[in-house]
*Asks:* 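I have a structure here, written as structure tokens, and I will follow up with some questions on it.
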Number of protein chains: 2
Amino acid sequence: MARKGIDRQTVLEAAVKIIDTEGFENLSMAALAKTLGIKTPSLYNHVKGMSDLRKQLAVYGINRLKETMAEASIGLSGKNAIFSLGTAYVSFVREHPGLYEATLPSASVLDEEILHAGEGIVNLLLRVLQDFHLEHEDAIHAVRGLRSLVHGFASLELKNGFNMELDVDVSFKHLLETYVNGIERGSKKNK
Amino acid sequence: MARKGIDRQTVLEAAVKIIDTEGFENLSMAALAKTLGIKTPSLYNHVKGMSDLRKQLAVYGINRLKETMAEASIGLSGKNAIFSLGTAYVSFVREHPGLYEATLPSASVLDEEILHAGEGIVNLLLRVLQDFHLEHEDAIHAVRGLRSLVHGFASLELKNGFNMELDVDVSFKHLLETYVNGIERGSKKNK
DNA sequence: TTTACAAAACTAATAAAATTAGTTATTATA
DNA sequence: TATAATAACTAATTTTATTAGTTTTGTAAA
């Protein structure tokens with residue numbers, strides 16, 4: 001290897017710092033090279049280009065989000081696990097707004113590796129939902145519901161979609177509680 | 001006026017066509033000028049620049065979405081109104097993926113006009129929820145919940161977040177039903 | 001009908017960004 | 001110590017947004 005201690009991981013972490021502080025749309029090869037103290041073309045020794053960089057950020061972000069959620073659900077089950085995991089999700093988005101945005105590439109990108117990483121989150125949720133003893137189809141609906149709900153809340157908050165009138169954390173708890181209670185009730189009905 | 005029948009509205013509609021077919025990230029002044037049959041600098045007679053164009057698309061998109069929702073709730077009340085309106089929302093996103101993406105500018109843009117347009121949707125939801133006789137704070141929570149849920153679902157679907165295993169429309173109905181039932185139950189409890 | 005003004009098109013030029021090609025320097029290892 | 005690979009560099013190209021300044025054209029007043 002030559003010169004500086006720059007590798008794929010260093011580049012990725014520098015990019016994360018930029019998007020979390022300056023905003024996802026302000027990521028550029030020029031800015032990234034500058035923070036690393038190298039010239040722009042040198043970046044091409046580590047990433048294939050801008051779209052490759054964005055793809056790698058997506059995979060990296062999804063995996064870090066998944067780890068955060070997994071961590072938050074350790075030792076908990078059922079409703080408690082869901083709450084802890086949902087709260088961890090929202091916190092992640094607040095701490096890493098740019099990285100979270102990176103996890104949501106436009107449909108036109110549609111990459112195999114990104115889709116695969118996303119399945120990790122779905123599987124995690126399915127396991128946490130096992131306590132509810134749902135039938136397979138209902139479990140899938142519930143996973144989709146939970147993802148929609150948590151992503152929707154975090155995403156709207158990120159885009160400043162809520163005014164300041166009322167504590168947003170209370171709203172989130174209210175939302176999650178209402179939905180999870182409904183799931184629970186549906187599960188009991190099926191017994 | 002001179003030459004062609006191009007005005008702000010024509011430009012906006014051409015831009016909508018581009019983002020809905022080619023994707024939001026493929027909007028450029030160059031592409032837009034080409035579809036209008038003019039040279040790039042001529043666009044500056046109608047919009048102030050790229051970021052102004054994006055801002056105008058955001059406001060335009062939010063207002064069209066609001067009209068779609070308002071239309072869908074005419075003559076209905078309570079749960080029926082919510083269902084019709086939610087379904088209309090999801091359909092809108094499917095028909096106008098690019099325009100919908102335009103309605104969600106990064107937090108750093110934070111424009112007064114955009115925020116104001118967004119309030120229109122909040123007010124519409126508040127009126128539709130009047131049938132549930134919620135207290136003011138609970139009504140706000142419910143509006144936030146509904147927006148999170150519907151936006152989250154539409155947004156994940158748009159980003160190909162769901163696999164094909166199960167009918168997504170059934171999942172959406174399931175989600176909305178579970179949540180609205182919960183709201184209704186909460187409302188009755190408070191009486 | 002002619003003239004004058006304003007709006008909207010144009011050309012030319014600049015700046016910033018991504019990317020490619022080709023070259024030089026450095027470091028690990030044979 | 002020599003060499004091969006890696007990663008930095010410079011130079012050049014392309015694309016895009018944007019600005020300045022000019023020309024054209026349609027409307028409305030004289």
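All values below come from the heavy atoms of this structure, side chains included, with hydrogens, waters and symmetry mates left out. Worth saying up front: this structure is predicted, and the values here are computed from it rather than measured. Here is the naming used below: chain letters follow the sequence lines, and residue numbers restart at 1 for every chain.
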*Asks:* Can you figure out which of D:dA8, C:dA12, C:dA18 approaches the side chain of A:Tyr44 most closely?
*Replies:* C:dA18
*Asks:* Is it possible for you to say whether B:Tyr44 and B:Leu57 belong to one hydrophobic cluster, with membership spreading through side-chain heavy-atom contacts below 4.5 Å?
*Replies:*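 B:Tyr44 and B:Leu57: one cluster.
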*Asks:* Nearest-Å distance, NZ (B:Lys34) to P (C:dC10)?
*Replies:* 14 Å
*Asks:* Measure from NZ or CZ of B:Arg64 to the centre of the six-membered ring of B:Phe92, then state whether that distance is under 6.0 Å and the direction lies within 45° of the axis.
*Replies:*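 No cation-pi geometry.
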*Asks:* For B:Lys39 and D:dT23, give me the distance from atom NZ to atom P, rounded to whole Å.
*Replies:*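 From B:Lys39 NZ to D:dT23 P: 18 Å.
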*Asks:* Please give, in whole Å, the distance from D:dG26 P to B:Ile6 CD1?
*Replies:* 13 Å
*Asks:* Quick one: B:Leu32 CG to D:dT18 P, roughly how many Å, whole number?
*Replies:*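 Those two atoms, CG and P, are 12 Å apart.
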*Asks:* Looking at D:dA17, C:dA18, D:dT10, which one has an atom nearest to any side-chain atom of B:Ser28?
*Replies:*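 Comparing D:dA17, C:dA18, D:dT10 against the side chain of B:Ser28, the answer is D:dA17.
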*Asks:* Measure from the side-chain heavy atoms of A:Pro41 and tell me the nearest of C:dT20, C:dA18, D:dT18.
*Replies:* C:dT20
*Asks:* Pick from A:Gln56, A:Arg54, A:Lys55: which one makes a side chain to side chain donor-acceptor pair (under 3.5 Å) with A:Asp52?
*Replies:* A:Gln56
*Asks:* Taking atom CD of B:Glu137 as the centre, does the number of heavy atoms from other residues, nucleotides or ligands within less than 6.0 Å exceed 12?
*Replies:* no
*Asks:* Which listed nucleotide (D:dA8, D:dT19, C:dT19) is nearest to the side chain of A:Ile38?
*Replies:*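 My answer, after comparing the listed nucleotides, is D:dA8.
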*Asks:* Measure CE/B:Met29 against C1'/C:dA16 and give the value in whole Å, please.
*Replies:*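 It works out to 16 Å between those atoms.
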*Asks:* Report the residue from B:His151, B:Glu95, B:Arg94 that forms a side chain to side chain donor-acceptor pair (under 3.5 Å) with B:Tyr100.
*Replies:* B:His151
*Asks:* What is the distance from CG of B:Leu43 to P of D:dT18, rounded to the nearest Å?
*Replies:* 10 Å
*Asks:* Does B:Ser42 put a side-chain nitrogen or oxygen below 4.0 Å from OP1 or OP2 of C:dC10?
*Replies:*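 Answer is yes, contact under 4.0 Å.
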*Asks:* To the nearest Å, how far apart are B:Asp52 CG and D:dT18 C1'?
*Replies:* 13 Å
*Asks:* Whether the side chain of B:Asn45 and the base of C:dA7 hold a donor-acceptor pair under 3.5 Å is what I'd like checked.
*Replies:*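 Result: no qualifying N/O pair found.
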*Asks:* Which nucleotide, C:dA8, C:dA17, D:dA17, lies nearest any side-chain atom of B:Met50?
*Replies:* D:dA17
*Asks:* Between P on D:dA7 and CG on A:Leu36, what's the gap in Å once rounded to a whole number?
*Replies:* 14 Å
*Asks:* Looking at B:His46, I'd like to know whether one of its side-chain N or O atoms comes within less than 4.0 Å of OP1 or OP2 on C:dA9.
*Replies:* yes
*Asks:* Given axes from five pairs at either end, by how many degrees does the helix from C:dT1-D:dA30 to C:dA30-D:dT1 bend, rounded to 10°?
*Replies:* 0°
*Asks:* Using the rule given for side chain to side chain donor-acceptor pair (under 3.5 Å), can you reason through B:Ser42 versus B:Asn45, listing the C-alpha separation, both sets of side-chain angles and the distance that settles it, and then say yes or no?
*Replies:* CA-CA 6 Å; B:Ser42 307; B:Asn45 289 314; 5.1 Å; no
*Asks:* With sequence neighbours left out, what residues match B:Tyr60 under ring-ring contact (aromatic ring centres under 6.0 Å, His included)?
*Replies:* none
